[in-house]
J.: 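Shown below is the structure under consideration.
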Amino acid sequence: MRATNLLLIVSAVGLAGCDDDPVVVRDVFPPAAPRGVYTVTGDHQVFIYWLENTETDVAGYRIYEAPCATGRDCPYEPVGTTEGASFRVGGLTNGVTRYFGVTAYDRSGNESELSREILFDTPRPEGIDRILLNYLDSEAGSGYDFSASAIRRWDDLSTDMFFGYNGTVYQMFVPSDTDIQDAGYGRDLDAVDFAPSGGWSPSGTVELIESHCYVVWTGDNHFAKFRVTDLRAAEPGVPARVVFDWAYQTDGGNRELRARPVRQRGAPAVSFLR
């Protein structure tokens, strides 16, 4: 009996050894949708960031863009891929809101659902190192027009704000139909992400302080921000001046001035947008 059992075992092993075709198990399970996705507003561009997936077989990420949030008539089209956890979407039109999503794909070609966050962003123009001169000494170089990114006279009808210095206090003034407020200290222009709905200066002027950020609400319902990078008293032959960085939202009534990582406010979550 024992000999018979041993023969059966040896025969089974021999048969198994004759099978040279390996069993292939294909991976059909997609990675999880990327989490923690947020956008950063730029000038004609938007930067997208997210948390890296934890699956070991993730090969990369695919970024999608759409003109609206959801719906049959709102397809999300791929705009690029990356192996990292960030992506820049360039060539965008300032003042036009776009919607974005991110998927993860693995080495077997499985792709996740679109990220659950509805991400939208409105690119806007910006600039650095603009200089205004004291309007009491140089009327022509004292005012700034955000819509044209141009320096004006302080009393030009298109001027949104103008600079003054009385020997003691540096100030920024705005016309009667425009509002301004001090948003406080900021390490850079990115410290201000959204224009507030209140808190405007009742006098139409603010004291300028180096490294402080300010928000302007123009008379034609556009929002702008600027950050003071330098203040200089008058020198021989040169009036007092202010140097600032700025950004302006060309989309009328849009308070979005974001240029730092901030999750969309009040955005609903969806499971699949493509």
Side-chain angles (χ1 to χ4, degrees), residues 9-10 12-93 96-124 126 187-191 193-194 256-274:
I9 293 173
V10 172
V13 171
L15 289 173
C18 292
D19 187 1
D20 294 329
D21 296 328
V23 177
V24 178
V25 179
R26 185 177 183 278
D27 178 10
V28 295
F29 297 99
R35 298 175 298 108
V37 189
Y38 61 83
T39 61
V40 177
T41 306
D43 186 355
H44 290 288
Q45 59 189 349
V46 168
F47 300 89
I48 306 174
Y49 300 88
W50 57 91
L51 299 174
E52 290 188 355
N53 280 45
T54 57
E55 296 93 338
T56 58
D57 64 339
V58 168
Y61 303 89
R62 185 167 286 111
I63 293 78
Y64 290 83
E65 178 188 344
C68 46
T70 58
R72 287 177 176 266
D73 299 327
C74 187
Y76 276 68
E77 302 293 342
V79 293
T81 60
T82 179
E83 295 181 2
S86 64
F87 190 83
R88 182 187 73 87
V89 181
L92 300 175
T93 302
V96 176
T97 300
R98 303 294 292 180
Y99 294 78
F100 304 93
V102 183
T103 64
Y105 60 89
D106 61 26
R107 288 189 289 271
S108 298
N110 301 306
E111 186 174 1
S112 76
E113 293 187 339
L114 209 64
S115 48
R116 295 183 62 85
E117 297 89 350
I118 293 181
L119 301 170
F120 63 91
D121 221 311
T122 311
R124 77 290 177 275
E126 61 185 23
R187 295 180 60 182
D188 51 35
L189 187 65
D190 299 354
D193 64 340
F194 232 78
E256 186 178 18
L257 295 168
R258 182 171 48 256
R260 69 183 174 116
V262 174
R263 188 182 298 278
Q264 301 292 1
R265 303 185 178 192
V270 295
S271 59
F272 195 71
L273 297 179
R274 282 186 293 165

J.: Excluding sequence neighbours, so at least two apart, what forms side-chain hydrogen bond (donor to acceptor under 3.5 Å, both in side chains) with Arg88?
T.: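 Partners of Arg88 by the side-chain hydrogen bond (donor to acceptor under 3.5 Å, both in side chains) criterion, ordered by chain and then number, come out as Gln45.
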J.: Restricting to side-chain hydrogen bond (donor to acceptor under 3.5 Å, both in side chains), what partner residues turn up for Ser108, sequence neighbours left out?
T.: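 If we apply the side-chain hydrogen bond (donor to acceptor under 3.5 Å, both in side chains) test to Ser108, skipping adjacent residues, there are no hits.
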J.: Is there side-chain contact between Phe194 and Glu256, with at least one heavy-atom pair below 4.5 Å?
T.: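 Heavy-atom side-chain distance check passes, below 4.5 Å.
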J.: At what distance, to the nearest 0.5 angstrom, does CD1 of Ile63 lie from OG of Ser115?
T.: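 Interatomic distance, Ile63 CD1 to Ser115 OG, rounded to 0.5 Å: 9.5 Å.
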J.: Hey, which of Val37, Thr82, Asp121 is the one that makes side chain to side chain contact (heavy atoms under 4.5 Å, CB included) with Ile48?
T.: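 For Ile48, the side chain to side chain contact (heavy atoms under 4.5 Å, CB included) test succeeds with only one of Val37, Thr82, Asp121, which is Val37.
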J.: Measuring from atom CZ of Arg98 to atom CG of Leu92, what distance do you get when rounded to the nearest 0.5 angstrom?
T.: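 Taking CZ in Arg98 and CG in Leu92, the distance rounds to 7.0 Å.
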J.: What's the shortest heavy-atom distance between Val46 and Pro123, and which atoms?
T.: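 Reported closest heavy-atom pair: CG2-CG, 3.9 Å.
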J.: Looking only at heavy atoms, which two atoms of Pro34 and Ser112 are closest? And how far apart?
T.: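 Smallest interatomic distance, heavy atoms only, reads CD-OG, 3.7 Å.
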J.: To the nearest 0.5 Å, what is the distance between CG on Leu51 and OH on Tyr38?
T.: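 Atom-to-atom, Leu51:CG and Tyr38:OH are 8.0 Å apart.
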J.: Would Thr122 and Thr41 satisfy side-chain contact (heavy atoms from CB on, under 4.5 Å), going step by step from the backbone distance to the final call?
T.: CA-CA 7 Å; Thr122 311; Thr41 306; 6.0 Å; no
J.: Can you give the donor-acceptor pairs under 3.5 Å from side chains of residues 52-61 to other protein atoms, not counting sequence neighbours?
T.:
residue: Asn53; atom: ND2; partner: Ala32; partner atom: O; Å: 2.8
residue: Asn53; atom: ND2; partner: Glu55; partner atom: OE1; Å: 3.1
residue: Glu55; atom: OE2; partner: Ala32; partner atom: N; Å: 2.7
residue: Tyr61; atom: OH; partner: Asn53; partner atom: N; Å: 2.8

J.: At what distance, to the nearest 0.5 angstrom, does CH2 of Trp50 lie from OG1 of Thr103?
T.: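 Taking CH2 in Trp50 and OG1 in Thr103, the distance rounds to 9.5 Å.
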J.: Locate the shortest heavy-atom distance separating Tyr76 from Cys68; write the atom from each residue and the value.
T.: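 Smallest heavy-atom distance, with atoms named: OH-O, 3.5 Å.
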J.: If I take atom OH from residue Tyr64 and atom CD from residue Glu77, how far apart are they, to the nearest 0.5 angstrom?
T.: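 If we round to the nearest 0.5 Å, Tyr64:OH and Glu77:CD are 9.0 Å apart.
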J.: Could you state the interatomic distance from OG1 (Thr39) to CZ (Phe87), rounded to the nearest 0.5 Å?
T.: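 Nearest 0.5 Å value for the OG1-CZ distance: 14.0 Å.
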